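Here's the structure we're looking at; comments come further down.
As the structure is a computational prediction, the values presented were derived from the model and not from experiment. Reminder, nothing fancy here: chain letters follow the sequence lines and each chain counts from 1.
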Protein chains: 2
Amino acid sequence: MENNCIFIEKLRSSGLRPTKQRIKICKLLFDRKKTFHFTINDLSKILNKEIRQKVSLATIYNTIHSFKKKGYLKEISVNKDKSYFDTNTSNHHHFLDMNTNELIDLKSEDVHNIKIKKRIPGKKINSIEVLVKIENSN
Amino acid sequence: MENNCIFIEKLRSSGLRPTKQRIKICKLLFDRKKTFHFTINDLSKILNKEIRQKVSLATIYNTIHSFKKKGYLKEISVNKDKSYFDTNTSNHHHFLDMNTNELIDLKSEDVHNIKIKKRIPGKKINSIEVLVKIENSN
DNA sequence: ACACTACTTTAGAATCATTATAAATTAGAA
DNA sequence: TTCTAATTTATAATGATTCTAAAGTAGTGT
Ligand SMILES: [Mn+2]
Ligand SMILES: [Mn+2]
Ligand SMILES: [Zn+2]
Ligand SMILES: [Zn+2]
């Protein structure tokens, strides 16, 4: 439980003061086994479920953007009216469940190696992202 | 030049009255050889370059959404703060130039066949979209 | 422990893309 | 031409995100 030390160190080592708000958000985001995909709204609701010690919306935005800048989070665009963040910062692909709007990670072995044959002169490939939209099979 | 008839028919056949605003937008969007990727803001600026006969922003939104609903346009999410529409409504992949924010179509032969090995019980695959981010190669 | 300062949190205001409203205009049918 | 429903439009409303500036806090040095 009191492995807060890990997060306090993580924050300190990247020049962010370990405030109770940031530690609380760290625990929520990074103290889990599986990837967490969330929106700011999701996060806000979870954080402020317990009445005591609310975290203001401005702080949630600030913190998430700091974490993104530090490389602890990735932002994912799959839906024009929903912005997702992802605790899995490696290059990876996703299922998007169109019925639930849920993102699911694909492991690299889940997707055959992708070869792009076309090249644009003067440009190099930065990343390749695959989005597999899925839906209820009736 | 006066192949407006094509667009008038296209609109009529889908239950949309061929107003001068819609015809003007049709000509701008569909009277071209190559795929057109645009934002509402792009479109608005092009449409209202010529002072005479401005099209209101509300009409641009209405028209684009009607066209999307009728299947004449596809909406593409690649960037949380920019919503693109695409005159190419087939399933296809994209380059995204991170320096210019420009989308470029990939033909199906430009991308090796993609195999997704993982399946989610009760779900079927609806579509597979590949986004290849590119940038200046220094 | 105390004081100092820069960093952080916060409530509320500002911004801006998109959507809604409701009045004026227009297309198509009679 | 006349009538009606569809459409356009200016404008207001919405809502997510960002900004602001005041209050609170963490770390440093004394
Ligand atoms: Mn969600
Ligand atoms: Mn553009
Ligand atoms: Zn992920
Ligand atoms: Zn395209």
Side-chain angles (χ1 to χ4, degrees), chain A residues 4-5 7-28 38-48 50-70 72-73 75-85 101, chain B residues 4-5 7-28 38-48 50-70 72-73 75-85 101:
Chain A
N4 283 7
C5 295
F7 300 127
I8 290 174
E9 273 321 300
K10 185 187 177 96
L11 290 166
R12 276 228 181 78
S13 71
S14 48
L16 298 171
R17 287 189 180 170
T19 63
K20 55 185 178 313
Q21 292 86 346
R22 284 173 176 162
I23 294 169
K24 192 176 181 189
I25 293 174
C26 274
K27 283 163 72 176
L28 218 161
F38 62 95
T39 65
I40 294 284
N41 185 51
D42 293 337
L43 190 56
S44 174
K45 278 195 287 209
I46 299 171
L47 278 172
N48 294 326
E50 327 129 30
I51 324 288
R52 58 166 202 156
Q53 193 61 52
K54 297 230 176 207
V55 180
S56 80
L57 190 56
T59 297
I60 298 174
Y61 274 100
N62 288 341
T63 302
I64 293 307
H65 288 141
S66 301
F67 287 3
K68 184 188 171 191
K69 191 172 297 175
K70 295 298 179 184
Y72 301 151
L73 291 172
E75 193 162 9
I76 314 229
S77 286
V78 292
N79 188 317
K80 71 168 177 314
D81 41 36
K82 231 170 188 176
S83 195
Y84 291 91
F85 291 88
N101 260 337
Chain B
N4 283 7
C5 294
F7 299 126
I8 290 174
E9 273 321 300
K10 185 188 177 94
L11 290 166
R12 276 229 181 75
S13 71
S14 48
L16 298 171
R17 288 187 180 172
T19 63
K20 56 185 179 314
Q21 292 88 345
R22 285 173 175 162
I23 294 168
K24 191 177 181 188
I25 293 174
C26 273
K27 283 163 72 177
L28 217 160
F38 62 95
T39 65
I40 294 284
N41 185 50
D42 294 335
L43 190 55
S44 174
K45 277 194 286 206
I46 299 172
L47 278 172
N48 295 325
E50 327 130 29
I51 324 290
R52 58 165 203 155
Q53 194 58 52
K54 296 231 175 204
V55 180
S56 81
L57 191 56
T59 297
I60 298 174
Y61 274 101
N62 290 340
T63 302
I64 293 307
H65 287 142
S66 300
F67 287 3
K68 184 189 171 191
K69 192 173 297 173
K70 295 298 179 184
Y72 301 151
L73 290 173
E75 192 162 10
I76 314 230
S77 286
V78 291
N79 189 316
K80 69 168 178 313
D81 41 35
K82 230 169 190 178
S83 196
Y84 291 90
F85 292 87
N101 261 338

May I have the distance from [X] (atom [atom1]) to [N] (atom [atom2]), rounded to whole angstrom?
{"X": "A/Ile60", "N": "D/dT18", "atom1": "CD1", "atom2": "C1'", "answer": "15 Å"}
{"X": "A/Lys20", "N": "D/dA26", "atom1": "NZ", "atom2": "P", "answer": "6 Å"}
{"X": "B/Lys82", "N": "D/dT17", "atom1": "NZ", "atom2": "P", "answer": "18 Å"}
{"X": "A/Ile23", "N": "C/dC7", "atom1": "CD1", "atom2": "C1'", "answer": "15 Å"}
{"X": "A/Glu75", "N": "D/dA16", "atom1": "CD", "atom2": "C1'", "answer": "13 Å"}
{"X": "A/Ile8", "N": "D/dA26", "atom1": "CD1", "atom2": "C1'", "answer": "12 Å"}
{"X": "B/Asn4", "N": "C/dA27", "atom1": "CG", "atom2": "P", "answer": "14 Å"}
{"X": "A/Gln53", "N": "C/dT9", "atom1": "CD", "atom2": "P", "answer": "11 Å"}

**Asked** Can you tell me if NZ on B/Lys54 sees more than 12 non-hydrogen neighbours from other groups inside 6.0 Å?
**Response**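 Yes, NZ of B/Lys54 has more than 12 neighbouring heavy atoms, counting only those of other groups under 6.0 Å.
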**Request:** Could you work out which one of C/dG12, C/dT18, D/dT8 sits closest to the side chain of A/Ala58?
**Result:**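 Of the options given, the side chain of A/Ala58 lies nearest C/dG12.
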**Request:** Tell me which nucleotide among D/dT8, C/dT26, C/dT9 gets nearest to the side chain of B/Arg22.
**Result:**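 For B/Arg22, the side-chain atoms sit closest to D/dT8.
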For [N], does either OP1 or OP2 sit under 4.0 Å from a side-chain N or O belonging to [X]?
{"X": "B/His65", "N": "C/dT18", "answer": "no"}
{"X": "A/Gln21", "N": "D/dT25", "answer": "no"}
{"X": "B/Tyr61", "N": "C/dT18", "answer": "yes"}

**Message:** Judged by each residue's nearest nucleotide on DNA chain C, which is more toward the 5′ side, B/Asn62 or A/Leu57?
**Reply:**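 Looking at the nearest nucleotide for each, A/Leu57 comes out on the 5' side.
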**Polar side chain donor-acceptor pair, A/Thr39 to A/Asp42, under 3.5 angstrom** =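 A donor-acceptor contact under 3.5 Å links the two side chains.
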**Prompt:** Between B/Ser56 and B/Thr59, is any side-chain donor less than 3.5 angstrom from a side-chain acceptor?
**Reply:**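 The criterion, which ignores hydrogens and geometry beyond distance, is satisfied for B/Thr59 and B/Ser56.
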**Request:** With rounding to the nearest 0.5 Å, note down the distance linking OH in B/Tyr84 to OG in B/Ser77.
**Result:**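 Spacing of OH (B/Tyr84) from OG (B/Ser77) equals 11.0 Å.
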**Asked** Rounded to the nearest 0.5 Å, how far does CG of B/Asn48 lie from CG of B/Leu57?
**Response**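 So the CG of B/Leu57 and the CG of B/Asn48 are separated by 8.5 Å.
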**Request:** Check A/Lys10 against A/Tyr72 and note the closest heavy-atom contact, atom names and distance.
**Result:**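 Of all heavy-atom pairs spanning A/Lys10 and A/Tyr72, the closest is O-OH, 3.4 Å.
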**Message:** I need the residues from residues 9-19 of chain A with at least one non-hydrogen atom less than 4.0 Å from DNA chain C; give them sorted by number, or say none.
**Reply:**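 Listed by number, they are A/Leu16, A/Arg17, A/Thr19.
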**Request:** Scan A/Lys80 against the nucleic acid and name what it touches under 4.0 Å (heavy atoms): base, sugar-phosphate only, or nothing.
**Result:**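 No contact.
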**Prompt:** At under 4.0 Å between heavy atoms, what does B/Asn41 touch on the DNA or RNA strands: base, sugar-phosphate, or nothing?
**Reply:**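 No contact.
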**Working for side-chain hydrogen bond (donor to acceptor under 3.5 Å, both in side chains), residues A/Ser83 and A/Glu75** = CA-CA 7 Å; A/Ser83 195; A/Glu75 193 162 9; 2.8 Å; yes
